[in-house]
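Let me begin by presenting the structure, written as structure tokens, before commenting on it.
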Amino acid sequence: MTEAVRLLNPDGTVHPDARYAMPDRAELRARYRSLVLGRRLNEQAGALVRQGKLAVYPSSHGQEACQVAAAAVLRPGDWLFPTYRDTVAAVERGVDPVEVLMMLRGDWHCGYDPTAHRVAPQSTPLATQLPHAVGVAHAATLKGEDTVVMALCGDGATSEGDFHEALNFAAVFRAPVVFLVQNNKYAISVPLARQSVAPSLADKGIGYGVPAVLVDGNDVAALLAVLGEAVTRAATGGGPTLVEADTYRIEAHTNADDATRYRDESEVEEWRTRDPLTRLRTYLGLTGEEFRDEAEELAARLRTGLSAEGAPDPAELFAHVHATPTPQLTAQADLLQAELEAEEEPA
Amino acid sequence: MTEAVRLLNPDGTVHPDARYAMPDRAELRARYRSLVLGRRLNEQAGALVRQGKLAVYPSSHGQEACQVAAAAVLRPGDWLFPTYRDTVAAVERGVDPVEVLMMLRGDWHCGYDPTAHRVAPQSTPLATQLPHAVGVAHAATLKGEDTVVMALCGDGATSEGDFHEALNFAAVFRAPVVFLVQNNKYAISVPLARQSVAPSLADKGIGYGVPAVLVDGNDVAALLAVLGEAVTRAATGGGPTLVEADTYRIEAHTNADDATRYRDESEVEEWRTRDPLTRLRTYLGLTGEEFRDEAEELAARLRTGLSAEGAPDPAELFAHVHATPTPQLTAQADLLQAELEAEEEPA
Amino acid sequence: MTATKVTMAQAINTALRDAMTEDPSVVVFGEDVAPLGGVFRVTDGLTGAFGEQRCFDTPLAESGIAGMAIGMAMNGFRPVVEMQFDAFAYPAFEQITSHLAKMGNRTRGRVRLPVVVRVPYAGGIGGVEHHCDSSEAYYAHTPGLTVVAPATNEDAYGLLREAIASPDPVIFLEPKRHYFTREEVDFARAVPPIGRAVVRRPGRDATLIAYGPSVPVALAAAGQAATEGRDLAVVDVRSIVPFDDETVTRAVAATGRAVVVAEAPGFASVAAEIGARVSEQCFPYLEAPVRRVTGFDIPYPPPKLEHHHLPSVNRILDAVDELNWDAA
Amino acid sequence: MTATKVTMAQAINTALRDAMTEDPSVVVFGEDVAPLGGVFRVTDGLTGAFGEQRCFDTPLAESGIAGMAIGMAMNGFRPVVEMQFDAFAYPAFEQITSHLAKMGNRTRGRVRLPVVVRVPYAGGIGGVEHHCDSSEAYYAHTPGLTVVAPATNEDAYGLLREAIASPDPVIFLEPKRHYFTREEVDFARAVPPIGRAVVRRPGRDATLIAYGPSVPVALAAAGQAATEGRDLAVVDVRSIVPFDDETVTRAVAATGRAVVVAEAPGFASVAAEIGARVSEQCFPYLEAPVRRVTGFDIPYPPPKLEHHHLPSVNRILDAVDELNWDAA
Ligand SMILES: Cc1ncc(C[n+]2csc(CCOP(=O)(O)OP(=O)(O)O)c2C)c(N)n1
Ligand SMILES: Cc1ncc(C[n+]2csc(CCOP(=O)(O)OP(=O)(O)O)c2C)c(N)n1
Ligand SMILES: [Mg+2]
Ligand SMILES: [Mg+2]
């Protein structure tokens with residue numbers, strides 16, 4: 001299990017694999033477009049943070065292949081469970097990028113409608129979304145639907161108790177969940193070696209009786225093949241799969257982080273040579289100019305969409321806590337309302 | 001890994017093993033004595049519950065080989081972390097049985113001094129003792145001591161997040177802990193199949209990079225060999241080991257449980273044929289009369305020791321909450337004291 | 001249907017049955033709830049009646065149970081999960097606090113979580129450590145949770161039915177020492193809704209405010225006081241969140257004196273909340289400070305000492321005695 | 001040593017350094033505390049100064065961190081662990097509640113746990129969800145825990161030193177929005193011990209009671225009130241458990257009016273406790289009901305709305321205005 005599944009080498013040449021077929025070129029070209037847009041989104045979001053238009057942004061630069069593949073393999077009825085880092089995956093799934101970034105702009109905890117695209121709110125408390133994913137999946141099974149749930153988490157999150165409980169529940173209930181661990185080698189500053197001394201994170205599947213695959217996380221072709229197979233298995237009653245994607249976080253944890261404190265630039269440089277975009281571009285024989293206009297359109301949309309001033313209505317603070325506000329909340333809302341009206345009055 | 005290590009067959013014949021040597025006969029005879037005493041303790045505690053002298057008793061009948069071996073392989077400086085079911089292990093470690101049973105009689109939460117014998121309080125919240133065991137072990141490492149910690153839990157407890165976190169911490173810190181899972185096939189009423197679909201619980205070690213062994217949990221010889229080796233490895237810097245003992249809970253979960261609701265008597269009968277006492281007795285060529293007097297003495301001591309009426313001083317309720325009682329607790333203690341004095345006064 | 005004499009465990013069991021019968025999206029799961037029927041037999045027979053898909057055992061992991069309930073609720077079910085004992089809900093604390101309580105708000109009401117977390121709670125059963133915690137304050141302090149504690153078997157049935165029907169998560173605290181107490185229950189009679197307190201006994205001299213297992217103790221105290229010439233009202237809070245200020249305030253204002261009774265340690269507790277809000281809202285009416293009779297600020301005691309810890313009739317009457325009667 | 005101007009983060013860092021220097025059994029661990037020095041740089045340089053055995057990173061698992069701290073304390077160490085943010089301590093809730101708080105009592109004092117759990121807590125930093133919870137009530141309600149919340153940098157240093165030296169577990173709540181606030185600190189000066197409140201500002205008309213991040217807000221309100229002719233006292237609670245009834249009661253009795261200020265949602269909170277006990281203990285002196293200015297009973301708001309939620313000078317002054325001044 002220690003050899004990662006790979007279909008494309010970092011230099012764009014084919015890495016033949018007996019088990020997984022190369023996705024066709026049309027599919028790969030479509031995914032290349034997604035990679036370009038994803039990369040541009042990462043860059044633009046970083047710029048917006050620098051301009052003070054976003055509070056914080058955890059970039060998936062370097063991990064775009066995972067982001068794109070995780071969403072691309074899903075069918076309309078499937079669910080995606082992203083984390084704070086998985087903005088690009090949510091966008092690939094069809095959620096409006098401006099809506100996704102509302103959380104990081106500080107407008108509301110979740111800026112999109114999770115039911116519209118079947119994308120759960122991006123989860124911040126690590127690994128906690130994984131049991132939810134199992135619940136959604138088990139519910140689908142009970143309803144006789146063939147829904148599959150793609151649940152994302154990081155290498156660090158695998159250490160949390162909830163990772164364990166979710167994997168085990170999924171195994172016992174044979175729930176149609178694909179767990180994708182983006183092993184980007186760090187949990188903020190903590191390197192993988194401090195997170196686990198197992199030969200691989202995929203090895204954790206054994207202890208749950210869950211089939212597991214280690215895949216080159218910068219090879220979108222391999223990811224599409226491996227995740228696609230896992231989705232099919234889940235949809236046809238084969239139960240959960242654990243996929244570990246071997247990838248790297250090129251940027252700091254977030255803009256607020258100083259990665260020079262805990263890793264060498266040389267390591268980052270080494271990983272830049274395995275860039276997911278470059279290898280697919282080379283394989284497809286593209287110039288790198290393709291989809292540039294679309295990417296710039298996306299960036300422009302982000303700039304405009306996130307420049308709007310203003311904040312949500314403070315009354316919303318009380319509106320959604322319970323389906324029907326309690327008398328106490330109504331009184332508190334009235335208090336705030338009165339304060340706001342008093343402020344507006346001339347002194 | 002699916003084949004359990006075994007040195008003695010259920011019929012008392014030798015089961016040769018290439019990796020583990022048979023413990024010598026003197027050692028085994030001493031352990032046979034412990035098994036007899038342990039069995040008698042289980043029986044007497046059950047009787048005391050029926051007589052209303054103990055509130056509740058989770059019996060380790062059928063698991064005495066695990067109980068005895070877990071404690072017997074420890075050296076004086078080592079630590080034992082038992083659960084509510086591991087009374088016999090604590091006693092084998094040298095704790096006074098009456099003191100151990102004070103908890104189940106309802107006198108106090110822990111009836112013995114954990115530091116005296118290096119036996120942690122019996123843990124009720126499942127798996128929560130496992131991270132403590134790692135902490136004790138890591139502390140020993142930092143102090144340069146070769147202390148080993150034996151941490152016990154059940155099959156059900158392996159599903160808890162704390163099991164995962166403890167195993168992983170132990171692996172990452174290379175902590176000298178031996179985790180012994182007594183797989184007695186049930187967590188109260190829930191059978192193993194609902195707990196895990198992995199080929200074995202020992203397989204969980206792989207995902208942590210922790211060596212793991214599956215052992216016949218009714219074969220004290222095999223347990224001594226396997227656990228002894230694990231203790232030695234831990235003591236010499238080799239880090240943690242996970243041991244799964246294949247055993248069975250012959251009695252109900254506790255006296256309060258009705259096992260007929262969830263398992264067949266035939267299953268119990270089948271396991272009675274693998275009794276840990278019988279097979280060792282046969283191997284050693286003993287009659288079964290050996291150590292009977294000592295066992296009766298122990299039983300008598302339990303009867304007397306647990307028959308004492310009375311309760312602890314209510315003032316103790318406030319004495320230990322903080323090292324120095326807070327003013328609030330002192331006031332509350334005074335209130336209770338005044339009530340008690342008022343009650344004593346003639347009306 | 002006319003009233004039948006049932007235990008509280010049976011009343012809850014009936015509520016689960018009736019809800020499962022009426023609504024196929026109601027599912028019950030947890031530890032030992034299926035073939036065993038729960039360690040208190042509250043879920044007895046549900047698997048037999050509704051099948052293994054509607055009432056099932058999970059692996060032994062409370063965070064997983066709560067998390068799975070959240071996910072199932074996101075996908076159309078109404079899970080009712082059992083936490084075996086109060087203190088064994090603590091592993092689920094993050095799921096309950098950071099997700100169950102917050103999902104509706106997080107998603108601007110787009111994802112509501114109709115989950116009921118049943119917690120057999122509080123003491124008085126001679127249970128060893130971790131089996132007798134009164135954990136209501138942890139939930140009541142967490143915005144987004146509805147917190148209910150029935151004191152009667154009729155309420156146990158009626159409030160649970162309403163909790164299961166609620167679009168929001170409800171922490172349903174079952175006073176485990178009353179599981180086997182028999183009372184007349186008319187299953188057809190509607191009980192006052194969640195959010196409403198009930199005056200269980202009118203009285204003119206002082207008001208006792210209690211919920212869950214403390215209501216019978218308060219009633220006993222009031223009974224005793226009556227023989228000593230004092231007429232005590234007893235208010236059963238029932239619904240901790242939302243809290244019924246109106247009923248409680250009216251009762252206290254009418255008597256000018258109040259004692260709050262609850263088993264949990266008093267510090268930063270629900271009793272503290274009731275004390276604080278009654279003190280604030282009834283200020284002009286109060287003849288004496290609002291007193292609290294609660295558990296001590298200690299870990300729940302071992303069985304042989306628990307009776308010293310629990311609010312008792314005597315301790316309540318002592319507190320009542322201190323309510324500035326000279327000023328009357 | 002004379003006073004130096006340092007941030008609260010530096011004051012805490014110095015406390016850790018000094019404790020580690022004086023006592024080799026003090027160890028620091030958690031997530032990102034070692035090479036990174038903590039996401040707030042509170043543990044900056046400790047690994048460099050004391051080595052990887054004294055300050056180290058763990059795998060990402062808060063229950064494991066708390067549990068490991070308990071074990072290390074059982075075996076001779078004094079662990080100081082960091083929970084990265086308030087809400088990320090919730091996975092450790094069972095370990096904290098069922099073990100850390102109870103071990104000393106469980107073992108009749110034979111096993112004491114000198115563990116400090118540092119929690120960067122509360123809001124005001126524009127943090128996204130889960131990064132701004134005021135979680136003190138959960139701890140304060142749990143018997144066996146000492147709960148401390150410094151408001152000044154000198155207290156941050158002094159109280160942490162005392163917490164580390166304590167034989168008992170201490171939840172040390174650091175108001176994260178003041179991490180980078182500079183104040184004069186005289187590291188040689190002893191601060192009043194844990195268990196003591198401090199009157200930060202004397203005043204004759206009414207008393208504001210606050211702790212942690214709410215103390216500066218209360219002081220600002222008092223400053224503002226002074227310009228409007230009202231003389232407000234400000235009591236800094238500092239030590240939530242044990243609570244200093246004497247200082248608080250004396251201050252309130254002297255003014256006859258009180259407002260409790262805290263960021264946490266008010267329901268079943270520490271502010272509720274203070275309101276309830278002050279109402280009880282100061283009953284004969286009170287000219288008006290004790291008011292609470294707290295966070296609303298809502299999940300912590302998104303960054304753009306948090307200022308509406310947090311107790312503000314205006315909201316405090318509005319509450320003061322309602323304290324029955326006509327009766328004076
Ligand atoms: C329960 C919990 N603990 C701590 C944190 C703080 N935190 C946010 S991200 C992070 C690192 C996560 O690492 P990993 O899982 O590898 O994901 P990555 O950020 O690398 O994508 C930490 C510690 C959190 N969000 N939740
Ligand atoms: C955290 C927690 N959840 C639930 C319980 C209630 N409980 C006590 S024992 C038990 C079954 C444990 O099974 P296992 O770990 O296999 O140990 P065994 O009792 O079989 O020895 C349960 C569910 C508990 N003690 N702690
Ligand atoms: Mg990572
Ligand atoms: Mg078991």
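All figures in this text were calculated on a predicted structure; none of them were measured in a lab. Reminder, nothing fancy here: chain letters follow the sequence lines and each chain counts from 1.
- A/Ser159 and D/Pro59 make their closest contact through OG-CB, 3.8 Å (heavy atoms, listed as atom of the first residue, atom of the second, distance).
- For CD of D/Glu52, the number of neighbouring non-hydrogen atoms (other residues, nucleotides, ligands) closer than 6.0 Å is 12 at most.
- The OG1 atom of A/Thr124 lies 10.5 Å from the CZ atom of D/Phe85; values are rounded to the nearest 0.5 Å.
- Both the backbone and the side chain of A/Gln332 come within contact range of chain D, with heavy atoms under 4.5 Å apart.
- Highest contact tally toward chain A, considering only D/Val128, D/Asn314, D/Asp297, is held by D/Asp297 [criterion: heavy-atom pairs under 4.5 Å].
- In this structure, the portion of D/Phe88 lying under 4.5 Å from any heavy atom of chain A is its side chain and not its backbone.
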Q.
Test side chain to side chain contact (heavy atoms under 4.5 Å, CB included) on D/Asp57 and A/Gln195; report intermediate values, then the result.
A. CA-CA 9 Å; D/Asp57 287 328; A/Gln195 214 61 250; over 6 Å; no
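- In this structure, the portions of A/Asp258 lying under 4.5 Å from any heavy atom of chain D include both its backbone and its side chain.
- Taking chain D as the reference chain and counting heavy-atom pairs below 4.5 Å, the highest number among A/Tyr262, A/Tyr84, A/Trp108 is found for A/Trp108.
- Interatomic distance, A/His322 NE2 to D/Ile298 CD1, rounded to the nearest 0.5 Å: 11.0 Å.
- Highest contact tally toward chain D, considering only A/Arg194, A/Glu316, A/His320, A/Gln328, is held by A/Arg194 [criterion: heavy-atom pairs under 4.5 Å].
- Using a 4.5 Å cut-off between heavy atoms, D/His130 touches chain A through its side chain atoms alone.
- No part of D/Glu306 comes within reach of chain A, as not one of its non-hydrogen atoms sits under 4.5 angstrom from that chain.
- Looking only at heavy-atom pairs under 4.5 Å with chain D, the residue among A/Leu104, A/Leu329, A/Leu317 that has the most is A/Leu317.
- With chain D as partner, the option from A/Ala333, A/Ser196, A/Pro312, A/Ala157 having the largest number of non-hydrogen pairs under 4.5 angstrom is A/Pro312.
- In this structure, A/Glu160 and D/Pro91 approach most closely via the heavy-atom pair OE1-CB, 4.4 Å.
- With respect to A/Arg261 and D/Asp32, no salt bridge is recorded, no charged nitrogen being found less than 4.0 Å from a carboxylate O.
- Expressed to the nearest 0.5 Å, how far CD of A/Gln122 lies from CD of D/Glu129 amounts to 11.5 Å.
- Contact annotation for A/Ala127: neither backbone nor side-chain heavy atoms come within less than 4.5 Å of a heavy atom of chain D.
- Ranked by heavy-atom pairs under 4.5 Å with chain D, the first of A/Val56, A/Thr326, A/Val321, A/Leu340 is A/Val321.
- Between the NE2 atom in D/His308 and the CG atom in A/Leu335 there is a gap of 12.5 Å [rounded to 0.5 Å].
- Contacts between A/Leu126 and chain D at a heavy-atom distance below 4.5 Å involve the side chain alone, from C-beta outward.
- Neither the backbone nor the side chain of D/Ser312 comes within contact range of chain A, judged by heavy atoms closer than 4.5 Å.
- For chain D, the nearby parts of A/Ile188 are the backbone and the side chain; heavy atoms of each come within less than 4.5 Å.
- When all heavy atoms of A/Ala311 and D/Leu305 are compared, the pair lying nearest together is CB-CD2, 4.4 Å.
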